[in-house]
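We name chains A, B, ... by the order of the sequence lines, and we start the count at 1 in each one.
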Amino acid sequence: MKYTTYLLEWFDKNKRQMPWRERSDAYSIWVSEVMLQQTQVDTVRPYYERFMERFPTVHDLAMATQEEVYTYWQGLGYYRRADNLHKGAKVVSEQYNGIFPTDPKLVKNIPGIGPYTMGAVLSIAFNLPYPAVDGNVMRVLSRQFLIEDDIAIPKTRKIFEEKVMVLMPEDARNFNQALMELGALICTPKNPKCESCPMKPICMAYEEGVQIEYPVKSSKTKAEPDFYKALILKQGDKIYLEKRPEEGLLAKLWGVPLITDVVWEKMKSELVTFEVLEQVQHVFTHRRWLMTPIVIEYTTQNAKIFEEILQGEGVFIVPEGLKNYAIATAFKKVLRKLQENI
DNA sequence: AACGCGGGGGC
DNA sequence: GCCCCAGCGTT
């Protein structure tokens, strides 16, 4: 198809420089694609550089501890990705001798690799003709062809995968990337730059002036606030950090204890002194935490009060030691507030 | 199919 | 404030 050629030419001239575009081995592409899940290119870039410097091959990653992998992932979010990538690296390192498979049945079974990431790695690393349909691709193609299916519904992705395969040229590697790059640079959610778009001549949405109506997407409910007290237990300079549970929000990361207001009211009556700092907010996709930091000196006299609260794995560490722990951004905000008050 | 799962950027 | 972002795994 002639217009596919226009898109590929546009991509060749306008593509952004990215660290993973300097490499073509499957491991390098794989790591980048996992980091890029629901995460913008500019956010990923520095994380990718640090990660690849520390784990240059799939074997390096497979041999690392979960704790260390997390320290390289801290702040990037969706931490389950790090776990699954780590597990996947073990599979490829141990079962496939470090060679990334090209059989889709095998690739699909690697932890953390779903339909998108499989298509992205197989097309970009091996130039195999598989679709890689992400949010960009659905937006671009829905506008190009006035596809009205609700992209919030899972099965809609298949409709776009079929469309991609109808269009797929021999250069699968660049075609998939070109669709995404067009979505990121030109065919953006708001204020699309249609006048400089290479696909303008065949874009049905442009022709009818209805770009902003696409893609069709049903909306979801918003996050309600959760109120907590964030306990900053001190022994001199040292601060108490604990490891969060294996499951749930911010699983396996380190943070300060969070307690509900009800628990705090009871605890408060037993304490002689404490200091209340200004409330800190952290917003997640589906939740809002409003945390009030409370600074308490932890002593042998009052230790009993916290017995029931501090049950997991916890340590008192000096501020300089914080860098050795994977700490979620929500808790860094709390610790930052403490710094401001010294 | 619906939901849980981070954090940042754009408007 | 809201929406979006090179989505995946579980239920």
Side-chain angles (χ1 to χ4, degrees), chain A residues 11 15-16 18 20-21 29-48 70 73-85 87-88 107-125 130-140 150-158 160-161 164 173 175-185 187-192 212 215 217-223 225 244-253 255 281-289 326-333:
Chain A
F11 180 62
K15 65 183 171 192
R16 290 168 291 177
M18 300 177 192
W20 47 93
R21 286 189 174 154
I29 304 302
W30 176 19
V31 172
S32 75
E33 291 301 341
V34 172
M35 286 189 172
L36 287 162
Q37 289 167 11
Q38 294 292 285
T39 312
Q40 302 197 93
V41 165
D42 287 336
T43 303
V44 166
R45 195 176 268 116
Y47 281 89
Y48 184 81
Y70 265 44
W73 208 273
Q74 64 176 308
L76 192 55
Y78 285 155
Y79 298 92
R80 203 168 45 189
R81 292 183 297 175
D83 254 344
N84 285 330
L85 178 60
K87 288 175 188 157
V107 176
K108 211 171 357 175
N109 278 325
I110 297 172
I113 299 191
Y116 164 77
T117 306
M118 178 178 89
V121 175
L122 291 182
S123 63
I124 297 172
Y130 290 92
V133 173
D134 70 340
N136 285 309
V137 174
M138 290 196 281
R139 186 172 57 254
V140 169
D150 183 353
I151 67 168
I153 295 171
K155 68 176 182 187
T156 299
R157 195 196 68 250
K158 293 179 184 157
F160 286 93
E161 287 177 342
V164 168
R173 167 179 293 138
F175 180 61
N176 280 340
Q177 291 184 80
L179 281 174
M180 293 188 275
E181 195 81 330
L182 190 74
L185 298 181
C187 198
T188 48
K190 292 170 185 174
N191 306 321
I212 59 161
K217 185 178 184 180
S218 53
S219 56
K220 44 188 179 297
T221 57
K222 63 168 187 296
R244 295 175 55 76
E246 294 289 308
E247 307 282 337
L249 194 53
L250 305 176
K252 290 183 262 193
L253 279 85
Q281 181 181 215
H282 188 75
V283 180
F284 301 96
T285 304
H286 57 301
R287 200 142 295 192
R288 285 171 54 212
W289 281 1
I327 300 169
T329 301
F331 299 109
K332 290 192 174 178
K333 288 181 182 173

Any base atoms under 4.0 Å from A:Arg45, or only sugar-phosphate, or nothing? Heavy atoms, all strands. nothing
Enclosure of A:Lys158 NZ (heavy-atom neighbours >12, cutoff 6.0 Å): no
Nearest-angstrom distance, C1' atom, B:dA1 to C:dC5: 22 Å
Counting N and O atoms only, with roles assigned by atom type, does the side chain of A:Thr188 sit under 3.5 Å from a partner on the main chain of A:Leu185, one being a donor and the other an acceptor? no
Verify, without hydrogens or angle tests, whether A:Arg139 (side chain) and A:Cys187 (backbone) share a donor-acceptor contact under 3.5 angstrom. yes
When all nucleic acid strands are considered with a 4.0 Å heavy-atom cut-off, which category describes A:Tyr116: base, sugar-phosphate, or nothing? base
Just to be sure I understand the rule, does A:Ala328 reach a base, reach only the sugar-phosphate, or reach nothing, if contact means heavy atoms closer than 4.0 Å? sugar-phosphate
Closest-nucleotide 5' rank along DNA chain B - winner of A:Thr43 and A:Arg287: A:Arg287
Using a 4.0 Å cut-off on heavy atoms, which residues in residues 245-252 of chain A reach DNA chain B? List them by number, or say none. A:Gly248, A:Leu249, A:Leu250
Classify the ring geometry of A:Trp289 against A:Phe284: parallel below 30°, tilted from 30° to 60°, perpendicular beyond 60°. perpendicular
Span that lies between the C1' atom of C:dC8 and that of B:dG9, in whole angstrom: 23 Å
A:His286 side chain N/O closer than 4.0 Å to the phosphate oxygens (OP1, OP2) of B:dC3? no
If you assign A:Ile113 and A:Arg16 each to the DNA chain C nucleotide with the nearest heavy atom, which residue ends up on the more 5' nucleotide? A:Arg16
Pairing residues for A:Arg288 by the salt bridge (Lys or Arg N to Asp or Glu O under 4.0 Å) criterion, not counting sequence neighbours: none
When rounded to the nearest 0.5 angstrom, what distance separates CD1 in A:Ile327 from CG in A:Leu250? 12.0 Å
Have A:Gln38 and A:Arg81 got a donor and an acceptor in their side chains that come within less than 3.5 Å? no
Selected nucleotide, minimal atom distance to A:Pro154 side chain, candidates B:dA2, B:dC11, B:dG7: B:dA2
Could you give the distance separating B:dG6 and C:dT11 at their P atoms, to the nearest angstrom? 16 Å
Tell me every residue that passes side chain to side chain donor-acceptor pair (under 3.5 Å) with A:Glu33, counting only those two or more places apart in sequence or in another chain. A:Tyr116
A:Arg81 side chain, from C-beta outward: closest of B:dG6, C:dC8, C:dA6: B:dG6
With respect to the phosphate group of C:dG7, does any side-chain polar atom (N or O) of A:Thr117 fall under 4.0 Å of OP1 or OP2? no
Please name all residues satisfying side chain to side chain donor-acceptor pair (under 3.5 Å) with A:Asp150, sequence neighbours left out, ordered by chain then number. A:Ser218
With P as the reference atom in both, quote the distance from B:dC3 to C:dC3 in angstrom, rounded to an integer. 16 Å
Let's test your reading of the pairing rules: Watson-Crick or G-U wobble, both distances under 3.5 Å, then write DNA chain B as a dot-bracket string with ( ), [ ], | and dots. |||||.|||||
For the P atoms, the ones on B:dC11 and on C:dA6, what distance do you get once it is rounded to whole angstrom? 14 Å
If you restrict it to nitrogen or oxygen atoms, what contacts under 3.5 Å exist between nucleotides 2-5 of chain C and the protein, and what is each distance?
residue	atom	partner	partner atom	Å
C:dC4	OP2	A:Lys217	NZ	3.4
C:dC5	OP1	A:Arg139	NH1	2.4
C:dC5	O2	A:Gln38	O	3.2

Are the side chain of A:Ser32 and the backbone N or O of A:Trp30 linked by a donor-acceptor pair below 3.5 Å? no
Counting the atoms with a prime plus P, OP1 and OP2 as sugar-phosphate, which does A:Gly183 contact under 4.0 Å by heavy atoms, base, sugar-phosphate, or nothing? nothing
5'-most contact on DNA chain B (nearest-nucleotide basis), A:Gln37 vs A:Lys155, goes to A:Lys155
Determine the contact category for A:Asn84: base if any of its heavy atoms lies under 4.0 Å from a base atom, sugar-phosphate if only primed atoms, P, OP1 or OP2 are that close, otherwise nothing. sugar-phosphate
Checking the side chain of A:Arg157 only, and the main-chain atoms of A:Met138 only, is there a donor and an acceptor separated by less than 3.5 Å? no
Under 3.5 Å, is there a donor-acceptor pair between the side chain of A:Gln177 and the main chain of A:Arg173? yes
Is A:Met18 touching bases, backbone alone, or none of the nucleic acid, heavy atoms closer than 4.0 Å? base
Backbone of A:Gly112 reached by a side-chain donor or acceptor of A:Asp83 within 3.5 Å: no
